[in-house]
Asker: 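So that we are looking at the same thing, I have put the structure below in structure tokens.
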Amino acid sequence: MNDPAKGVEDLEEAESVFHSVRGRLFGIAYRMLGSVAEAEDILQEVWIRWQTYDRSTVQNAQAFLATTTTRIAINVLKSARVRREAYVGPWLPEPVDTSNDPALGAERGEALEMAVLMLLEKLTPTERAAYVLREAFDYSYDQIAEVMGQTNANVRQLASRARKHLAAQKRASVASAEHQRFLTAFMAAAKTGDVAVLEKLFAEDVVSYADGGGAVRASKFPVVGRERVAKYMHAFAPRFWSGVTMEPVETNGRPGLRLYRDGGLFAVVTVSVSEGGIDRVLWVMNPSKLAAMAA
């Protein structure tokens, strides 16, 4: 006969193992998808599979859970791409407050900044998985090959292609203190619509992205170029900043700001700063992407 007490004990042990690696699993899923909500859904699915799996056949629980998470994330990313093609306006990653967990369960903070997550969108799902496991979690190529069910040579090629793609587009970020200085100066100038100051802060090819997802009013197209972005900020400053309060937050490992109006969070703003100045301004305004930051 089955022993009910033994069954409860086994389930408690399974839960303990799952929670001991939950941060890492979330870190993998979030970097793969750029979405807190989708990462949480994946972890729920992983937990159900782990709960109902014949765990006596599993030699390495952490490897099993990481493999399950990665493979589900690859499949979800394939379908998510179709949805994102139909997304209203620019799609931005869902921001996370990293003040409590700076690297989201990773050995390194790689693939966490908003601008980098945007670049990862251009990789194939398998390239993205290989890059995340290698660069953020320091997995060996043999481990990645096992997780992804591919050969060592294949995953090396995937990771190499991903690195080359990012290297061609990623700009070196400035130090955190310098980033904060630019963000503070930018917000002061943006609130007053000071075109001259904004132009001094911006890189020549700066791009402003506003993600409203069709749920709130936001520009449906990126605004490109120093003068155009400065004039764009000047144009909407009077109505946009009325009644707004700001709160600093560490967003994806970088200084950012929560914006509140009438007591509710309505936007998270962050910038990407490189040697030439602010090269990306990211406005996340889609209410469905602000839940985690409002919690």
Side-chain angles (χ1 to χ4, degrees), residues 26-27 29-44 73 76-99 104 111-122 125 128 183 186-187 190-191 206-224 229 232-233 235-237 239-272 278-295:
F26 179 83
Y30 173 74
R31 285 171 174 81
M32 285 287 295
L33 292 154
S35 166
V36 173
E38 288 175 332
E40 291 288 2
D41 287 345
I42 286 174
L43 261 60
Q44 185 65 27
V76 171
L77 187 56
K78 288 174 182 175
S79 60
R81 292 195 157 197
V82 177
R83 295 196 304 275
R84 288 171 192 177
E85 285 173 7
Y87 194 81
V88 178
W91 181 93
L92 293 179
E94 186 176 347
V96 287
D97 179 350
T98 45
S99 56
L104 284 178
L112 193 55
E113 291 181 34
M114 296 278 280
V116 177
L117 288 172
M118 290 174 70
L119 291 178
L120 291 185
E121 283 293 299
K122 298 176 181 178
R128 190 161 180 165
L183 177 66
F186 164 71
M187 293 309 292
K191 286 183 72 174
V206 63
V207 185
S208 176
Y209 298 91
D211 181 343
V216 297
R217 188 175 178 181
S219 175
K220 290 184 174 65
F221 301 96
V223 183
V224 183
V229 176
Y232 169 70
M233 305 270 174
F236 73 66
R239 66 178 183 278
F240 182 87
W241 295 104
S242 178
V244 172
T245 57
M246 298 184 293
E247 177 186 48
V249 62
E250 186 181 288
T251 308
N252 293 64
R254 286 289 178 172
L257 288 163
R258 291 186 179 104
L259 305 186
Y260 296 88
R261 186 184 287 127
D262 300 325
L265 178 68
F266 79 96
V268 170
V269 182
T270 185
V271 296
S272 172
I278 295 173
D279 53 59
R280 297 288 181 272
V281 184
L282 310 176
W283 309 80
V284 181
M285 301 170 70
N286 186 341
S288 68
K289 294 187 177 182
L290 297 175
M293 293 293 278

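Predicted model, so just to flag it, every value in this text is computed and none were measured.
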Asker: To the closest 0.5 Å, what do you measure between CD (E94) and CG (L117)?
Answerer: 11.0 Å
Asker: For A267 versus L290, what's the shortest heavy-atom pair and its separation?
Answerer: N-CD1, 3.8 Å
Asker: Quick one: pull up OG in S35 and CG in L33 and give me the separation to the nearest 0.5 Å.
Answerer: 6.5 Å
Asker: How would you list, by chain and number, every residue that makes a salt bridge (charged side-chain N to carboxylate O under 4.0 Å, His left out) with R258, sequence neighbours excluded?
Answerer: D97, E247
Asker: Using ring pair (Phe, Tyr, Trp, His ring centres under 6.0 Å) as the criterion, list what pairs up with F236, not counting sequence neighbours.
Answerer: Y232, F240, W283
Asker: Would you mind reporting whether V216 and F266 have side-chain heavy atoms less than 4.5 Å apart?
Answerer: no
Asker: Determine the minimum heavy-atom distance between L77 and P125, stating which atoms define it.
Answerer: CD2-CA, 3.7 Å
Asker: Tell me, do S272 and L282 make a side-chain contact under 4.5 Å, heavy atoms counted?
Answerer: no
Asker: Find the distance between CE (M187) and CG (L259) and round it off to the nearest 0.5 Å.
Answerer: 5.0 Å
Asker: What do the steps show when you test K191 against M246 for side chain to side chain contact (heavy atoms under 4.5 Å, CB included), and what is the final call?
Answerer: CA-CA 11 Å; K191 286 183 72 174; M246 298 184 293; 3.8 Å; yes
Asker: Using modelled atom types and a 3.5 Å cut-off, is there a donor and acceptor pairing between side-chain atoms of R31 and backbone atoms of R128?
Answerer: no
Asker: When rounded to the nearest 0.5 angstrom, what distance separates CD1 in I278 from CZ in R280?
Answerer: 12.0 Å
Asker: For Y209, which residues count as a ring pair (Phe, Tyr, Trp, His ring centres under 6.0 Å) partner, sequence neighbours excluded?
Answerer: none
Asker: Scan for salt bridge (Lys or Arg N to Asp or Glu O under 4.0 Å) pairs involving residues 208-223, sequence neighbours excluded, and state none if there are none.
Answerer: D211-K289
Asker: Can I get a per-line list of side-chain donor-acceptor pairs under 3.5 Å for residues 249-257, giving both atom names and the distance, sequence neighbours left out?
Answerer:
from	atom 1	to	atom 2	distance (Å)
E250	OE2	T98	OG1	2.8
N252	OD1	V96	N	2.9
N252	ND2	Y30	OH	2.8
N252	ND2	L112	O	2.8
R254	NH1	V174	O	2.8
R254	NH2	V174	O	2.8

Asker: Do you know the tightest heavy-atom contact between N286 and G213?
Answerer: ND2-CA, 3.7 Å
Asker: Closest approach of P90 and A210, non-hydrogen atoms and distance?
Answerer: CD-O, 3.5 Å
Asker: Would V284 and M293 count as a side chain to side chain contact (heavy atoms under 4.5 Å, CB included) here? Give the steps.
Answerer: CA-CA 11 Å; V284 181; M293 293 293 278; over 6 Å; no
Asker: Does any pair with a residue in residues 35-44 pass salt bridge (Lys or Arg N to Asp or Glu O under 4.0 Å), and if so which ones, sequence neighbours excluded?
Answerer: R22-E40, E38-R83, E38-R84
